[in-house]
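Please read the structure below before turning to the comments.
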Amino acid sequence: MLTFDQKLDNLASVALRVGVNLQHDARLLLIGPIEATELMRRITAQAYDLGASYVHVQYVDDSLGLIRAQHARQETLTRVPQEYADMIHTMAARGDAYLRIDGGDPDLMSAADPERVATMVRAGREAMRPVSDLVQRAFMPWTIVPYAVPAWARKVFPDVAEDEAQERLWDAVFAATRADLDDPVGAWHVHIERLQALARRLSGCAFEALHLRGPGTDLRIGLADGHVWESGGRESAVNALRSVHNVPTEEVFTAPHAQRGEGTVRASKPLSYQGQLIEGFALTFEDGKVVDATAERGGRVLQSLLDTDEGARRLGEVALVPHSSPISQSGLLFYDTLFDENAASHVALGRAYETTMRDGVTRPLEALQRDGFNQSLAHVDFMIGSADLDVDGLAPGGVTTPVMRSGEWAL
Ligand code: ZN
Ligand code: ZN
């Protein structure tokens with residue numbers, strides 16, 4: 001049985017040795033919430049022990065975003081800290097490893113007007129677009145790892161005292177990130193190999209479309225021409241070494257065709273978007289575009305997501321996760337995409353990943369778009385998986401292959 005300190009050290013170690021695969025003499029950009037100092041300092045220490053030439057640490061206070069949404073003059077909400085975006089871009093474009101700590105209050109922004117929040121978020125995304133381009137192309141090594149901040153723990157475990165809530169969330173975080181094992185780095189290598197074998201298998205099938213059936217869901221998702229299936233591990237363009245972009249990761253995913261989707265899909269879990277919750281929602285697609293959206297709660301926020309731009313009404317990712325995945329088995333709803341998307345099969349509205357297209361990183365965007373690649377400022381995952389989800393792969397010529405049955409791999 002490892003102590004809390006040992007597990008936190010393990011998490012730092014997984015972030016550096018698996019997540020960004022930090023090399024001797026590399027520079028590291030480390031961004032995380034002010035609540036996560038304990039992990040940020042351990043990561044910094046271990047990074048120098050691994051031979052990092054410099055660790056640039058950036059603390060973020062999410063509450064300042066809420067304060068701005070509530071207090072700033074309306075006409076200033078489109079202002080962006082361009083010099084900050086430029087600094088991050090300079091480091092990313094140089095190939096610095098990019099490590100982000102995830103963790104916050106899922107409900108934080110619910111105290112603000114959703115339209116004001118959406119205005120700020122859209123402007124911020126626009127400013128950060130050159131960085132997200134590098135991220136999406138896996139140019140530099142990057143990863144996201146979790147930290148169990150108290151506000152997040154309160155949301156996941158509302159019925160217990162704060163200390164106990166945080167302790168329980170840490171247990172879930174350590175289990176999902178394998179930081180509670182004696183050799184977490186070795187366990188991660190085995191896990192990533194398994195996911196990559198599944199991705200190779202699915203790419204070899206070269207399906208034309210997937211057919212998904214479940215409660216409230218009957219959706220045919222056309223796949224982009226020349227799509228490839230990817231899993232969490234990916235070689236960075238800058239050093240040709242594998243980095244694992246999400247810790248945890250359980251998914252195998254690819255690019256839908258932006259113009260080919262027919263039917264209705266119902267979310268199997270609530271979606272926490274910009275600090276607000278969208279619940280009980282369903283989307284209907286025609287020719288790949290959302291033509292109808294309903295929600296039991298958070299309909300306004302859902303609408304503002306769909307109105308981000310043309311591409312936000314189309315799919316950019318379909319990801320398969322077995323219902324027996326360890327995060328799913330915890331039975332918890334984390335209100336956090338990093339966890340919830342790895343508990344269930346999901347799709348994303350918005351931008352696709354170049355890495356899920358053949359030669360996607362080297363071909364021009366226009367060529368990818370002709371093959372069905374979706375382009376948008378948004379990329380928002382929502383969960384559709386459950387113990388009742390069946391997935392078929394449809395090959396050209398009409399041959400149907402069972403891919404998942406009752407939420408489990410059937411390949
Ligand atoms: Zn995903
Ligand atoms: Zn996604």
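These figures come from a predicted structure and were not determined experimentally. Whatever order the structure lists ligands and atoms in, that order sets their numbers, starting from 1. Because only heavy atoms are used, hydrogens play no part in the values below, and waters and symmetry mates are left out as well, while side chains stay in.
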Listing by chain and number, what protein N/O/S atoms are under 2.8 Å from the Zn ion (ligand 1)? E251 OE1, E317 OE2, E341 OE1, H346 NE2
Inter- and intrachain pairs under salt bridge (Lys or Arg N to Asp or Glu O under 4.0 Å), touching residues 215-241, at least two apart: D225-R260
Can the positive tip of R178 be found less than 6.0 Å from the middle of the six-membered ring of W188, inside 45° of the ring normal? yes
Sequence neighbours left out, what passes ring-ring contact (aromatic ring centres under 6.0 Å, His included) with H323? Give chain and number order. none
Which N, O or S atom of H379 lies nearest to the Zn ion (ligand 2), by name: NE2
Do NZ/NE/NH1/NH2 and the carboxylate oxygens of R314 and D309 come within less than 4.0 Å? no
Kindly state each residue pair satisfying salt bridge (Lys or Arg N to Asp or Glu O under 4.0 Å) with at least one member in residues 279-288, sequence neighbours excluded. E279-R297
Quick check, are the ring centers of H346 and F253 under 6.0 angstrom apart? no
